[in-house]
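Okay, structure first, notes after.
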Amino acid sequence: MDGVVNMLNRLRRYMPDCGDGEEKSGFAPRNFNKETEMSSLGRIPEGDEGTVEQTNFGGEGGDYGSAKYNGMVGVEKDDDGAIGGVSEFDMKTPITEWQAGWNVTNAIQGMFVVSLPYAVKNGGYWGVFAMVFVAYICCHTGKILIQCLYELNERGEKVRVRDSYVAVAQCVLGERYGGKMVNIAQLVELLMTCILYVVLCGDLMFGTFPKGSLDKESWMMVAGMFLLPCAFLKNLRSVSFLSFWCSMVHLVINIIILGYCLTQAGTWAWSKVQMKIDIYYFPISLGIIVFSYTSQIFLPSLEGNLIDRSRFDCMLNWSHIAAAAFKGIFAYLCFLTWANDTEEEITINLPTRGFKGLINFILVIKALLSYPLPFYAAVELLETAFFRGRPTTYFPSCYALDGELKVWGLALRIVVVLVTVFFAVGIPHFAILMGLIGSFTGTMLSLIWPSYFHLRIKWNYLEWYVIGFNVFIICLGCLCGVNGIYYSFRALIKAYEIKIQV
């Protein structure tokens with residue numbers, strides 16, 4: 001034990017403090033009964049929300065669960081034009097822990113749960129274990145990220161001095177680079193999420209009509225035609241409302257799939273679930289699992305708008321417990337049902353053409369309605385970073401004085417849609433692409449950065465086992481990230497080689 005403590009003390013020299021800190025803490029932040037909020041720090045001034053339509057989480061017209069990034073970013077008009085001035089998913093309406101839990105649960109149990117049985121195919125019982133263990137780690141990193149928002153004032157009260165992931169990054173990495181790094185990672189994940197929706201549409205439609213005249217790439221182009229009107233969106237109120245009901249339908253679909261699996265219990269392939277892993281594909285599966293739990297980017301705003309912030313830890317615990325239980329059971333039962341025939345999207349395995357076609361068609365509609373949400377957030381980030389007019393940015397504003405979108409601003413949005421469609425057509429491999437995103441941005445946003453920021457800001461006030469666990473998460477995130485990226489690119493190369501040979 002003394003050796004571990006000595007090692008951590010030596011490591012401490014490389015972890016300068018970033019604030020006044022707080023009392024020693026374990027995995028969970030202290031009770032917030034005595035806290036006060038410095039709302040003027042980092043908050044968007046009233047009436048200066050830019051062009052973003054604020055979504056009402058958990059209420060009418062607001063639905064986070066319909067997309068990986070269903071809430072929108074609120075844009076702060078800072079003076080230097082940096083995208084570090086973005087306050088993620090800023091909300092105005094106070095919410096209960098039940099509403100927050102609904103949003104978190106749906107965010108980490110969205111459409112991409114259909115690929116989790118594929119992770120069991122490549123990892124066996126280790127895949128099921130990873131779904132539970134990654135849930136525990138992401139729950140921990142969500143809590144410590146929230147801890148980084150608070151400092152103690154002279155009266156020993158917890159004060160909320162930061163309001164976003166970006167603000168925490170700026171505290172640790174500096175005003176110049178901190179916010180930009182987080183927002184670049186967020187932008188990459190938003191655009192890649194858009195690409196995933198297009199790939200999913202192509203996979204599901206081709207799986208429904210495998211002998212039709214259109215191949216997978218052609219179906220993606222058709223989906224792109226329906227997505228072009230996204231460039232004309234001024235707000236997301238109507239789309240979010242439709243997406244909410246699509247999410248409810250998706251929940252019913254998951255129950256139907258589980259029900260079908262239970263009816264096939266007599267033919268379950270128990271022997272096919274093994275302890276060994278496929279070393280070439282399991283790292284990709286880990287990336288898929290990490291991506292499915294990415295929610296840290298919007299947690300500061302959720303916590304900041306809770307009516308009772310002392311309930312945040314409890315809410316996060318139960319939402320991740322529910323997600324881990326559902327994902328593990330869903331993936332395990334689906335693989336038992338279809339064994340080695342398990343496809344990248346489990347709905348393609350459904351029996352009878354009519355049943356499979358109906359389910360896939362509903363999921364395609366949901367994917368098309370979910371696409372505008374990450375697309376809109378990505379466009380807002382791009383416009384805030386590069387298109388706000390001189391001297392703030394190099395390019396002029398996309399909006400006229402009356403608030404209407406200029407012609408070339410519309411062209412920019414159309415280009416973004418076309419780029420996502422072309423990337424989808426060029427990389428039509430859903431599971432591999434999802435694993436690549438999870439291994440790249442997912443590990444940074446969900447594992448590495450929250451743990452590193454927590455060490456930097458709270459080093460002097462952490463117990464040794466918390467420090468050790470954070471260091472473990474950083475090492476695990478780096479290992480999973482590097483391996484996942486390597487094997488994802490390796491799998492892509494192999495997939496293209498097979499396609500060329502055919």
Side-chain angles (χ1 to χ4, degrees), residues 50-55 57 61-75 83 86 88-90 106-107 110-112 183-202 204 219-244 246-247 291 294 297-298 363-387 398-399 405-406 408-427 430 433-434 437 441 445:
T51 60
V52 179
E53 179 72 21
Q54 302 295 339
T55 58
F57 283 62
D63 166 46
Y64 179 84
S66 63
K68 193 67 187 174
Y69 286 92
N70 218 356
M72 289 297 100
V73 291
V75 181
I83 56 179
V86 175
E88 307 95 345
F89 312 106
D90 188 77
N106 281 308
M111 284 195 65
F112 303 129
N183 276 295
I184 288 173
Q186 182 186 359
L187 178 62
V188 171
E189 184 155 320
L190 287 168
L191 292 176
M192 295 297 278
T193 301
C194 292
I195 295 171
L196 277 177
Y197 281 130
V198 180
V199 174
L200 184 62
C201 290
L204 293 177
W219 280 115
M220 293 178 193
M221 297 295 290
V222 173
M225 294 173 57
F226 287 97
L227 294 174
L228 280 176
C230 293
F232 297 88
L233 285 176
K234 292 184 178 180
N235 61 67
L236 295 170
R237 184 170 298 165
S238 58
V239 177
S240 296
F241 181 74
L242 292 174
S243 296
F244 171 79
C246 285
S247 294
F291 178 78
T294 302
I297 197 71
F298 76 96
L363 290 179
V364 167
I365 294 177
K366 184 179 186 302
L368 292 175
L369 289 173
S370 298
Y371 177 96
L373 304 170
F375 165 79
Y376 196 81
V379 168
E380 286 292 338
L381 283 174
L382 288 173
E383 291 177 351
T384 305
F386 303 108
F387 301 95
C398 295
Y399 297 90
L405 193 65
K406 295 180 180 178
W408 70 269
L410 176 63
L412 170 67
R413 294 186 173 202
I414 293 176
V415 167
V416 173
V417 175
L418 293 178
V419 166
T420 59
V421 174
F422 291 153
F423 266 93
V425 173
I427 315 175
F430 183 76
L433 188 59
M434 187 174 172
I437 302 170
T441 60
L445 291 171

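Sequential numbering from 1 along the given sequence is applied to the chain's residues.
- Interatomic distance, CZ of Phe226 versus CE of Met221, reported as 13.5 Å (0.5 Å rounding).
- Side-chain contact between Leu187 and Leu382 is present, with at least one heavy-atom pair separated by less than 4.5 Å.
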- [ ] Take Leu381 and Ile184 through the side-chain contact (heavy atoms from CB on, under 4.5 Å) test and state the conclusion after the steps.
- [x] CA-CA 9 Å; Leu381 283 174; Ile184 288 173; over 6 Å; no
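- Considering every non-hydrogen atom in both Gly224 and Val421, the closest pair reads CA-CG2, 3.7 Å.
- Atom CD1 of residue Ile195 and atom CZ of residue Phe430 lie 12.5 Å apart, to the nearest 0.5 angstrom.
- A distance of 5.5 Å separates OG1 of Thr193 from CZ of Phe112, quoted to the nearest 0.5 Å.
- The CG atom of Leu196 sits 4.0 Å away from atom CD1 of Ile437, with the distance rounded to the nearest 0.5 Å.
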Open item on the list: Using side-chain contact (heavy atoms from CB on, under 4.5 Å), reason through Leu191 and Val416 one step at a time and then give a plain yes or no.
Closed with: CA-CA 9 Å; Leu191 292 176; Val416 173; 4.0 Å; yes
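- In this structure, Leu204 and Leu363 approach most closely via the heavy-atom pair CD1-CB, 3.6 Å.
- Of the inter-residue distances, the one linking Leu200 atom CG with Tyr371 atom OH reads 13.5 Å to the nearest 0.5 angstrom.
- Leu410 and Ala231 make their closest contact through CD1-O, 3.4 Å (heavy atoms, listed as atom of the first residue, atom of the second, distance).
- Atom CZ of Arg413 is separated from atom CZ of Phe232 by 10.5 Å, given to the nearest 0.5 angstrom.
- For the pair Met220 and Val198, the tightest heavy-atom approach, listed with the atom from each and the gap, is CG-O, 3.7 Å.
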Task: Full working for side-chain contact (heavy atoms from CB on, under 4.5 Å) between Met192 and Phe423 - done: CA-CA 9 Å; Met192 295 297 278; Phe423 266 93; 6.0 Å; no
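- Annotation for Phe375 and Cys230: closest pair CE2-O, 3.5 Å, computed over non-hydrogen atoms.
- Taking every heavy atom of both residues into account, Leu190 and Ala378 meet most closely at CD1-N, 3.8 Å.
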